[in-house]
Engineer: 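Quick one: structure below, then a few questions.
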Amino acid sequence: MTTERAGERREQLLAAALEVFGDRDYDEVSVDEVAEAAGVSHGLVFQYFGSKKGLYVACLEPLIEGFRSRVEPDPELPPGERLRAGVRNFADAISEHPTGYRNLMTRATAFTEVRDALERARWWRVTRLAEAMGLDPEEPAVRVGLRAWTSYVEAAMLVWLEEGSPDRDAMVEMLVRALGATVEGIAAAK
């Protein structure tokens, strides 16, 4: 198999895995189901990923990257609108994959590789947010405050998915205002 064809096959398997795992818990999914969804043999899954866990972890990386790329708003927007757009984009992205987001934030963290990938994504957000606000992302108060705010956003999104309210725009405004309070706390801690 050519390198190009192998890459296509791997992507085909990842797309099928994301689709199957995106709607169900890890323990409810079999390798056979993913292979069938991808139109490949059971053995090919193991050839590319070694195990069901390997496949699961590999398919979550694109999910995390997809969420991350979706939060990038138009850089031409004024800072406040850019923040609102980023939070709104994140809400929209998780609304499209609510089960995948729930599993990623709750069950998938049982795997070290997933926890590590989530932490990298969180610190990426902290750095981007700090820089956009003219704050030093290496300053302890900034790191603690913005990292706490990202956890607040993740938890609020989980509850929002379960409750279905408030409406998206009201929730976005709540999260933006919480960041304002966080920044005040950061300033007081310096």
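Throughout, residue positions are numbered sequentially from 1 according to the sequence presented.
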Engineer: Taking all heavy atoms of C59 and all of A17, pick out the closest pair and write down the distance.
Structural biologist: CB-CB, 3.9 Å
Engineer: Mind checking the CG-CG spacing from L13 to L44? Nearest 0.5 Å is all I need.
Structural biologist: 5.5 Å
Engineer: Which atoms form the tightest heavy-atom contact between L161 and S95, and what is the distance?
Structural biologist: CD2-CA, 4.4 Å
Engineer: Could you go through the side-chain contact (heavy atoms from CB on, under 4.5 Å) check for E173 and D169 one step at a time?
Structural biologist: CA-CA 6 Å; E173 193 58 34; D169 292 335; over 6 Å; no
Engineer: Could you report the tightest heavy-atom contact between G145 and T182, atom names first, then the distance?
Structural biologist: O-CG2, 3.3 Å
Engineer: Is atom CD of E4 surrounded by more than 12 heavy atoms (other residues, nucleotides or ligands) closer than 6.0 Å?
Structural biologist: no
Engineer: Is any side-chain heavy atom of E131 less than 4.5 Å from a side-chain heavy atom of P137?
Structural biologist: yes
Engineer: Please determine whether the number of non-hydrogen atoms from other residues, nucleotides or ligands lying under 6.0 Å from atom CD of Q12 exceeds 12.
Structural biologist: yes
Engineer: Does the side chain of L175 come within less than 4.5 Å of M157's, by heavy atoms?
Structural biologist: yes
Engineer: Spell out, yes or no, whether I94 and M174 are grouped together once hydrophobic residues are joined by side-chain heavy atoms under 4.5 Å, including indirect joins.
Structural biologist: yes
Engineer: Check step by step if side-chain contact (heavy atoms from CB on, under 4.5 Å) holds for M171 and E163.
Structural biologist: CA-CA 12 Å; M171 185 198 55; E163 299 288 327; over 6 Å; no
Engineer: Do R168 and W160 meet the cation-pi criteria used here (NZ or CZ under 6.0 Å from the six-membered ring centre, within 45° of the axis)?
Structural biologist: no
Engineer: Do you reckon Y152 sits in the same ILVMFWY cluster as V144, going by side-chain contacts under 4.5 Å, direct or chained?
Structural biologist: no
Engineer: How long is the straight-line distance from CG of L18 back to OH of Y56, given to the nearest 0.5 Å?
Structural biologist: 10.0 Å
Engineer: Is a donor on one side and an acceptor on the other found under 3.5 Å between the side chain of W123 and the backbone of R143?
Structural biologist: no
Engineer: Once rounded to the nearest 0.5 Å, what's the spacing between atom CG of L129 and atom CG of L179?
Structural biologist: 5.5 Å
Engineer: Using the rule that two of Ile, Leu, Val, Met, Phe, Trp, Tyr join whenever any of their side-chain heavy atoms come within less than 4.5 Å, decide whether V153 and W124 are in one cluster.
Structural biologist: yes
Engineer: Report the C-alpha distance between Y101 and L158 in whole Å, list the side-chain angles of each, state the deciding distance to 0.1 Å, and finish with yes or no for side-chain contact (heavy atoms from CB on, under 4.5 Å).
Structural biologist: CA-CA 8 Å; Y101 181 74; L158 282 170; 3.8 Å; yes
Engineer: Give the minimum heavy-atom separation between S30 and E33, together with the two atoms involved.
Structural biologist: N-OE2, 2.9 Å
Engineer: Can you confirm whether L14 sits close enough to R10 that some side-chain heavy atom of one is under 4.5 Å from a side-chain heavy atom of the other?
Structural biologist: yes
Engineer: List the steps and the verdict of side-chain contact (heavy atoms from CB on, under 4.5 Å) for V34 and K52.
Structural biologist: CA-CA 10 Å; V34 175; K52 177 180 163 182; over 6 Å; no
Engineer: Check V29 against V20 and note the closest heavy-atom contact, atom names and distance.
Structural biologist: CG1-CG1, 3.4 Å
Engineer: Inspect the contact between R82 and E76 and indicate whether a charged nitrogen and a carboxylate oxygen are less than 4.0 angstrom apart.
Structural biologist: no
Engineer: Specify the closest pair of heavy atoms between T150 and R147, including all atoms of both residues, with the distance to one decimal.
Structural biologist: OG1-O, 2.7 Å
Engineer: Do the side chains of R122 and E154 get nearer than 4.5 Å, heavy atoms only?
Structural biologist: yes
Engineer: Which value, rounded to the nearest 0.5 Å, describes the distance between F21 atom CZ and L55 atom CG?
Structural biologist: 5.0 Å
Engineer: About how many Å separate CD1 of I186 and CG of L146, when rounded to the nearest 0.5 Å?
Structural biologist: 4.0 Å
Engineer: Specify whether F111 and Y26 have parallel, tilted or perpendicular ring planes, treating 30° as the upper limit for parallel and 60° as the lower limit for perpendicular.
Structural biologist: perpendicular
Engineer: To the nearest 0.5 Å, what is the distance between CD (E81) and CG (L83)?
Structural biologist: 9.0 Å
